[in-house]
Structures are given as C-alpha cells and as structure tokens.
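The next block holds one structure in the form of structure tokens; read it before the comments.
Position 1 is the first residue of the sequence; numbering continues from there. In this text, all values refer to a predicted model and were calculated from it rather than measured experimentally.
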Amino acid sequence: MDERAFYSESQTTKPAKLNCPYCRSEDTYDLRWLVRKKKDRLPSGADERDRAKFAKAQDYMVLLDDKQTCKQVRCRRPFDVSGIKTTAFL
C-alpha cells in the first residue's frame, strides 16, 4: 500500500525571514508547505506490514518552494531558500 494512503494532504503558507545572497537584504517571504496529517483510521485492504507502517506514521510538513525572487526592486534575482528545514514534524 502506498504511504500517501495513510495521510490527508493540504497546502498552507508560512512566513519566513530570508536574506538575499546577492543584495544582502532581509525580508519576509511566504513559503508554501504541503501538510500531511495522519488519517484517523487505517485504509481498507491493509495487511500486517501496512498496519505497522500506519502505527509509526506521524503528521509532518514538506517545503514546496525551493526558490524565491528577491523583493528588492533593484535586485529581483531568484535565489535558493536555505537555512530552513525541508521537512518538519508537527
């Protein structure tokens, strides 16, 4: 059984302070996250291995945005998002 069958997915945005590596300006950017919440019951058709996986499953978030564009009018260059974990457990 696929792991995605254990979770319900939704998207959310969270603010983060990032520094542009080119112009060195700091600003707040809204980063998109995929939130996976564990379902309250096991999907039908699961075997013993699936039950063990479901028991260990936790709620977590995955970062979707890996690049941002600088908000500074003179810069406007895309840069990689760094310093933020790409996966966070809830």
Side-chain angles (χ1 to χ4, degrees):
M1 182 172 284
D2 191 22
E3 179 186 330
R4 285 181 272 168
F6 300 152
Y7 297 102
S8 58
E9 295 181 350
S10 63
Q11 286 191 9
T12 187
T13 58
K14 298 214 179 251
K17 283 191 175 188
L18 299 174
N19 291 327
C20 174
Y22 304 108
C23 67
R24 303 200 191 308
S25 64
E26 180 180 354
D27 210 335
T28 303
Y29 296 87
D30 287 330
L31 299 178
R32 292 182 311 132
W33 292 84
L34 178 68
V35 179
R36 288 189 173 150
K37 294 205 178 228
K38 183 178 170 183
K39 291 184 178 178
D40 56 345
R41 68 178 79 167
L42 189 66
S44 61
D47 61 358
E48 286 301 318
R49 282 187 295 160
D50 295 332
R51 284 189 186 94
K53 283 183 189 177
F54 186 76
K56 293 179 183 178
Q58 297 180 21
D59 298 344
Y60 66 97
M61 297 187 327
V62 178
L63 183 63
L64 294 176
D65 293 333
D66 59 344
K67 288 191 177 270
Q68 286 291 323
T69 304
C70 183
K71 289 184 178 179
Q72 194 69 290
V73 178
R74 292 184 177 160
C75 183
R76 295 278 186 209
R77 294 172 82 180
F79 62 93
D80 290 330
V81 173
S82 62
I84 294 179
K85 291 185 177 183
T86 58
T87 305
F89 289 102
L90 301 177

Listed by chain and number, what are the side-chain contact (heavy atoms from CB on, under 4.5 Å) partners of [X], not counting sequence neighbours?
X	result
A52	none
K67	D80
D66	none
P21	F79

- request: Hey, could you give me each pair passing side chain to side chain donor-acceptor pair (under 3.5 Å) that has a residue in residues 81-90? Not counting sequence neighbours.
  value: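 Listed by first then second residue: nothing to list.
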Using the side chain to side chain donor-acceptor pair (under 3.5 Å) rule, collect all pairs that involve residues 7-18, keeping only residues at least two apart or in two chains.
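Checked against side chain to side chain donor-acceptor pair (under 3.5 Å) - neighbours excluded - the pairs reaching residues 7-18 are E9-R36.
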Under the salt bridge (Lys or Arg N to Asp or Glu O under 4.0 Å) test, which residues partner [X], sequence neighbours left out?
X	answer
R51	E48
R77	none
D27	none

For D2, check side-chain hydrogen bond (donor to acceptor under 3.5 Å, both in side chains) against everything at least two apart and list the hits.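 side-chain hydrogen bond (donor to acceptor under 3.5 Å, both in side chains) check on D2 returns R4.
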### Message
Side chains of F6 and L42, heavy atoms from C-beta outward: is any pair under 4.5 Å?
### Response
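Counting from C-beta outward, F6 and L42 do come under 4.5 Å.
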Could you tell me whether the side chain of T28 reaches within less than 4.5 Å of the side chain of L18, counting heavy atoms only?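 L18 does not reach T28 side chain to side chain.
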